[in-house]
Q: 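Sharing a structure with you now.
If you're wondering where the values come from, they're calculated on a predicted model, not measured in any experiment. Lettering of chains follows the sequences in order, A, B, ..., and the numbering in each one begins at 1.
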Protein chains: 2
Amino acid sequence: MDAADRPHHTFAVGSTARDNSTGREARPLVEAQDRFVAAWGQMGSVWGISRTMAEVHALLYITGEPMCTDDVMERLRISRGNASMSLRALVDWGIVARANKRGDRKEYFRAEQDVWTMARAIVRQRIKREIDPMLAGLYEIRDMTRPDAKPARRTDRDPVAEHHRRLDALVDLTITLQRASQMFVSSKGSGLRAAASMLGSAVFDQPSKGASTTRSGPRARSEPGGENP
Amino acid sequence: MDAADRPHHTFAVGSTARDNSTGREARPLVEAQDRFVAAWGQMGSVWGISRTMAEVHALLYITGEPMCTDDVMERLRISRGNASMSLRALVDWGIVARANKRGDRKEYFRAEQDVWTMARAIVRQRIKREIDPMLAGLYEIRDMTRPDAKPARRTDRDPVAEHHRRLDALVDLTITLQRASQMFVSSKGSGLRAAASMLGSAVFDQPSKGASTTRSGPRARSEPGGENP
DNA sequence: TTGAACTTTCAGAATAAATTGAAACACGCA
DNA sequence: TGCGTGTTTCAATTTATTCTGAAAGTTCAA
């Protein structure tokens, strides 16, 4: 189940085999581009953005050319509305920029070409859209039950206390993830790689007992582990 | 639009307010649990697993109790089939374990209670299901076009060369992500946090100018086992 | 081997999400 | 102002995903 899934994309190439400095390699190149577009689209649907939006991004990235709405519509065979929405969303995410060609009133769009900059923009958005709200939710839920003034009849097996402990553990995990991500976002160059190669395989780990539950305070930093696929 | 979305879950509590050592705090506790279940379910759909699967996991985690299929069905008001599938998937992911109660033929399930262990299991699966296949795909696509023996008429503006450069940059990013994730997976304790606090804020980044694109050769260690989600 | 107690499967139904296309909307210019 | 060009919106529709529930499958004790 790869590219064979959406035949209309995979082969939508035909007429689009446009001019290349050397006309020669054109067809295979375009086919490879389409394959990439399809693959990236799949990936997109796995990480929660619409398949089309990911495809539009893939197209802009892999060709490197600024394109206007019509170019995208034609190449991807999608409707004007869809193309417009997807482009706008990509601009919102900060991985595609508007660009104007002089003497042409149309708006063109070009994808960020540096993959690390792109990755940072994506992580930034995910912090904002996923991590932050999750954290807010966890706090709110935790506060639905009072820690219960009296430390429970018998100290053992207090369900509410355990419930709080579990939420706190999750809060702790989430905060760490948030900080690590923020650090990556504010890094320069290929931040993650530098960080990763620094840590010998040995450095990881530490006991880690009592989770920190308190809302703020400077702490961890590192790579977005498996965070943002 | 928070919990108000799915009224049937948010209020499915009624009869379920079961015995707690102290019957007192029961209702608020159960409500907080349901709220957590709903929140975690939302999150799940963002990261590509089904809402129900995430809800089942949330329930098992937040109660800390081993539960059988019927318990889950009743509490979440879902069908037997759905409960069964979700539980199995969670076991596959390695974040829920089967457990048996003596003198009871039913199968019980309990969620991993250590959040870091849980996070590692999740990252492990995502490497396998998302990163590895993506990497395999990128290599395959890159190989669709030959690097073109002759170094191009004019050295500048060779579309195929640029195409390769872009794919290589992505490969590089993906491999780094893969390695960082693998490192997290094989860490102990609260790996990420420990690692994070090690690196001063300064270490990040490195010039990384012309994108270290030359990766080529080594096929990385993906597991193109052909299988995907 | 039989059958009660559980679990898994899967076709169809229900639900959710993405897409289209045409109308409404901006903008700059003669 | 009125017009041509280009962009955005959104109700209706199409497509994809998830859920149900009953039937089929397992397992084990007797």
Q: With sequence neighbours left out, write down each residue that passes side-chain contact (heavy atoms from CB on, under 4.5 Å) with A/A89, or none if nothing qualifies.
A: A/M53
Q: Any side-chain N or O of A/S50 under 4.0 Å from OP1/OP2 of C/dA17?
A: no
Q: Taking side-chain contact (heavy atoms from CB on, under 4.5 Å) as the test, write out the residues that go with B/A32, two or more places apart.
A: A/I141, A/M144, A/T145, A/H163
Q: Measure CG/B/L76 against C1'/D/dT18 and give the value in whole Å, please.
A: 14 Å
Q: Check A/E31 with A/R35, please: is the shortest side-chain N to carboxylate O separation under 4.0 Å?
A: no
Q: List DNA chain C stems (3 or more consecutive Watson-Crick/G-U pairs, under 3.5 Å)?
A: C:1-30 with D:1-30
Q: Atom CG of B/D71 and atom P of C/dT7: how far apart are they, to the nearest Å?
A: 10 Å
Q: Parallel, tilted or perpendicular: which one describes the rings of A/Y61 and A/F36, with boundaries at 30° and 60°?
A: tilted
Q: Do any N or O atoms from the side chain of B/S45 and from the backbone of B/Q42 form a donor-acceptor pair under 3.5 angstrom?
A: yes
Q: How would nucleotides 5-14 of chain D be written as a contact map, 5' to 3', with B for base contact, S for sugar-phosphate-only contact and - for no contact, using protein heavy atoms under 4.0 Å?
A: BSSBB-----
Q: Grab the CE-C1' distance between A/M73 and C/dT20 for me, whole Å please.
A: 10 Å
Q: CG of B/N100 versus P of C/dA5: gap in Å, rounded?
A: 18 Å
Q: What is the distance, rounded to the nearest whole Å, between atom CD1 of B/I78 and atom P of C/dT7?
A: 14 Å
Q: Whole Å only: how far is the CZ atom of B/R51 from the P atom of C/dA14?
A: 17 Å
Q: side-chain contact (heavy atoms from CB on, under 4.5 Å) with B/M85: which residues, sequence neighbours excluded?
A: none
Q: Is there a side-chain contact between A/V30 and A/R75, using heavy atoms and a 4.5 Å cut-off?
A: yes
Q: Suppose we screen for side-chain contact (heavy atoms from CB on, under 4.5 Å). Which residues come up paired with A/T69, at least two apart in sequence or across chains?
A: A/M73, A/R80, A/A83, A/L87, A/F109
